[in-house]
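Computation of the quantities below employed the complete heavy-atom set of this structure, encompassing side-chain atoms and omitting hydrogens, waters and symmetry-equivalent molecules. Just so it is clear: chains get the letters A, B, ... in the order the sequence lines come, proteins before strands, and each one is counted from 1. Not measured: the values here are computed from a predicted model.
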Amino acid sequence: MERDVIIEVKDLVKKFDHFVANDHLSFKVYGGEIFGFLGANGAGKTTAIRILCGLSKPTSGFIRVAGYDAYSQTEQIKKSIGYMSQKFSLYEDLTVYENIRFYGGIYGLRTEYIRSKSEELLHRLGMTEIRNKLIKDIPTGWRQKLAFSIAVFHNPRIVFLDEPTGGVDPVTRRQFWKLIYETAHSGITVFVTTHYMDEAEYCDKVCIMSEGKIVAMDSPDKLKEGFGVTNMDEVFFKVARNVTY
Amino acid sequence: MRTILFIIQKEFIQLRRNRVMIPILFFIPLVQLIILVNAATLEMKNINLVVMDLDNSEASRTLISKFSSSPFFRISGTCYTQEDANRILQTNEADLIVDIPQHFERDLVRQNKAGIQVLANAINGTVAAISNSFVNLIIAGYNKDVIVKWHPAEAIAAEGKALNIISSFWFNPELNYKIFMVPAILAILVTIIGMFLAGLNLVREKEIGTIEQINVTPVKKYQFIIGKLIPFWFVAMIELTFGLLLGRLLFNMPVVGSLWLIYGVTMMYLLLVLAFGLFMSTAAETQQQAMFITFFFMIVFVMLSGVFTPVESMPGWAQKLNIINPIAYLMKALRMIMLKGSVFADVSKEFFILLGYAVFAFGMAVWRYRKVS
C-alpha cells in the first residue's frame, strides 16, 4: 500500500459569521486508507468534508487534496475525487442505468467504457435485472449502494462519503462496508463520516470531532488501548466526557 | 461538448417521464388562445345606444337611422327624460346616450346650426373613447348630408376647399382585434414556458440535493447552464409552432411576413427568457421562492408590454420602462412581422436589443450560479 500523503490539512478554520464550525483542524490522510471522521451531529464533519470537496471555501488554513490547493484549484480537485452526500444524490426519475450513464458522461468517460463498465458494475451489485427500473422504485439500501458505486465509477483517487449509511438497515450497512473495503483495496482512498461507532471499527484511522475541534485521532486499536476500553462506543463516551490519555 | 450532450439527454428523459408536463404543454396554448383572444377583445361591435329624441322630426330620424345602420351601434332603447337617461347609464343598460334636443330641426334650418349631446359610459375608458370617435364620424357624415341637402350651392363651393379626411386602416383593415391579440398571446406563451419551466427545474435540483452532486463534478458552469437551456429552448419552439398552428386554425391568423423571421426573433427572445429564469433560480433556494420572484416579473412585464393597449398610448414614463421589458420587444416584433410583413431590417432593432439582453442574462446566470458556497 502506498504511503504518500493524499490529503493534508493544517489549521483549517471555517467560520459562519461568528460561529466557528471548524476550529484549527490538522490531519493527514495517506493513500489507500479508510479514514473515519466521527462525531455527534453538528460537530463540524459535514462542513469539513464540503471544504475538502471544493464545495465550500475555507476561512483560513492550509489544505491540499490530491496535491491541489483547496482555494485556487477546486476544479482540479473535483476531477480527482468522488463524493456521496447524506442527501440523496441520484435522479429518482431516471433508471439505474441512466444514472450511471449520466454521471459517467459528465466525468468525461468514453461511451464504450461507460457501457462495459456499467455492465460489470450492475453484475457485481446484482442489479442487472433492475437496470431499467426507476430509482424511486428501488429500496433505499440498493440506492445507497448504487450511489456509492457511481461516486467511484470514474476511478477517483479519493472518495468522500458523508454519512453514507444513514437510515439503512444493519444487513445493508454490512454489505455497504464490504463495498468500501473492496474500493480501498483497489487503491482508492476512502474518507468517511459517520456517527455509528461500530463503523469506526472498520476504519484504518479515525478522527473524533467535537464542537468543531479534533479531540482524538489514531487507529481504532490504539484508541481503545489508550482509553483502556474494548470498543469504539466507549472510546467515544470517554472522549465526549473530555477524558484524555 | 460531450458533457453538454449528456446533460441535455438527461433533461429530455426527465421531461418525457413527467406525466403532468406533456398535457399541460398542449393545454396552455389551447386555453390561452381560445379564451384570452376571444375574451380580451376590444372590438367595437354592438355598442348599446339609447336615443333620447325630444325633437322627433325628419332631421332627427335621419340622424338616428345613420346610427342604426352602422355595424358598431345597436339601438337598445329610447327614453324621453334626463332622469331616465341618467338611470340607464348608471345601470349599465347603455354605453352611449344620444340626446337630440327639442327644435333640433328648426334650429338646423333657421340658424344653420344645432346642438346634440352625447353621454358616454366611460367606466371602460378605451371603449368610451373609441365609441365617441365613431359617433363623431357618424355625425360628421350627417352634417355633410345636411349641407348638401339644404345648401347645395355652398356644398359645391366647399368642395375642393375643405379637407376631406378618409381614414383607411392598414395592416388590419377589418379592425379585427383577434389577430392583434394572437401575436401577444404567443409571446406570453413562450415566456411562461421559458421562465417557469427552466427556472423551476434548476431550483428543483437544489431542493432534492442533486445539484450538490453536480457541483462536485468537473462540469463547468456554462456547460451546466447550456445543458439546462437547450431542452427548454426546444420545448418552447414546439410550443410556438403549436400556437401558430392554432392561431391559423382558430382565427385564420395571417402571417404576412416570414415564418423564419418569427422563429429567429423568438429563439433570440427565448434565450434571454430562459437565461433570466435560470438566473432567478440561482438566487432562490426553493421552488416557492423561485415561483414568487418569477411571477412578480412576469405580471409586470406582461402588463407593461402592450398586450391589451398599445404601448404608444401609455404615459411617457411607462413607455420608458418598456425599454427594459423584453416581452414588449418580442410582442412588437411579432405583430410587425405577422400583421405588416416586416422584414429583418424593420425588426433588426428589436432583434439586436434582445440579443444584447440574452448575452447579458446568460452571463448573469453563469456568474450567479455558484459551484462553491
> Do A:Leu109 and B:Phe6 have side chains that get closer than 4.5 Å, going by heavy atoms?
Replying inline: no
>> Using a 6.0 Å cut-off, check whether atom CD of B:Gln288 has over 12 heavy atoms from anything other than its own residue.
In response: no
> To the nearest 0.5 Å, how far apart are OG in A:Ser85 and CG in B:Asn215?
Replying inline: 11.0 Å
>> I want to check something: taking the side chain as every heavy atom from C-beta on, are A:Ile81 and B:Val216 in contact at a cut-off of under 4.5 Å?
In response: yes
> Salt bridge between A:Glu98 and B:Arg17, side-chain N to carboxylate O under 4.0 Å?
Replying inline: yes
>> Would you say that more than 12 heavy atoms from the other residues, nucleotides or ligands in this model lie under 6.0 Å from the OH of A:Tyr68, or not?
In response: no
>> Return the CD1 to OH distance between B:Ile214 and A:Tyr103, rounded to the nearest 0.5 Å.
In response: 4.5 Å
> Out of curiosity, A:Leu94 CG to B:Lys10 NZ, how far, rounded to the nearest 0.5 Å?
Replying inline: 7.0 Å
>> Are A:Lys78 and B:Thr217 packed together at the side-chain level, in the sense that at least one heavy-atom pair is separated by less than 4.5 angstrom?
In response: no
> Would you call A:Tyr83 and B:Glu212 a side-chain contact if the rule is heavy atoms closer than 4.5 Å?
Replying inline: yes
> What distance do A:Arg101 atom CZ and B:Gln9 atom CD have between them, rounded to the nearest 0.5 Å?
Replying inline: 3.5 Å
> For A:Phe160, is it the side chain, the backbone, both, or neither that has a heavy atom closer than 4.5 Å to a heavy atom of chain B?
Replying inline: neither
>> Check whether B:Arg2 reaches the backbone of A:Ile106 with its side chain - one donor and one acceptor, N or O, closer than 3.5 Å.
In response: no
>> Quick check on A:Arg131: does its CZ atom have over 12 non-hydrogen neighbours (other residues, nucleotides or ligands) under 6.0 Å away?
In response: yes
>> Heavy-atom pairs under 4.5 Å with chain B - which of A:Thr111, A:Asn99, A:Ile77 has more of them than the others?
In response: A:Thr111
>> Looking at B:Phe234, I want to see if its CZ is surrounded by more than 12 non-hydrogen atoms of other residues, nucleotides or ligands under 6.0 Å.
In response: no
>> Surrounding NZ of A:Lys117 (heavy atoms of other residues, nucleotides or ligands, distance under 6.0 Å), is the total greater than 12?
In response: yes
>> For B:Gln289, is the CD atom crowded, meaning more than 12 foreign heavy atoms sit under 6.0 Å from it?
In response: yes
> Using non-hydrogen atoms only, which part of B:Leu5 is less than 4.5 Å away from chain A: side chain, backbone, both, or neither?
Replying inline: neither
>> Counting only heavy atoms not in B:Phe360 (residues, nucleotides, ligands), do more than 12 fall under 6.0 Å from its CZ?
In response: no
> Under the side-chain contact (heavy atoms from CB on, under 4.5 Å) criterion, do A:Tyr91 and B:Ile13 qualify, and how do the steps go?
Replying inline: CA-CA 11 Å; A:Tyr91 288 96; B:Ile13 294 174; over 6 Å; no
> Any chance OH of A:Tyr71 has more than 12 other-residue heavy atoms, nucleotides or ligands included, within less than 6.0 Å?
Replying inline: yes
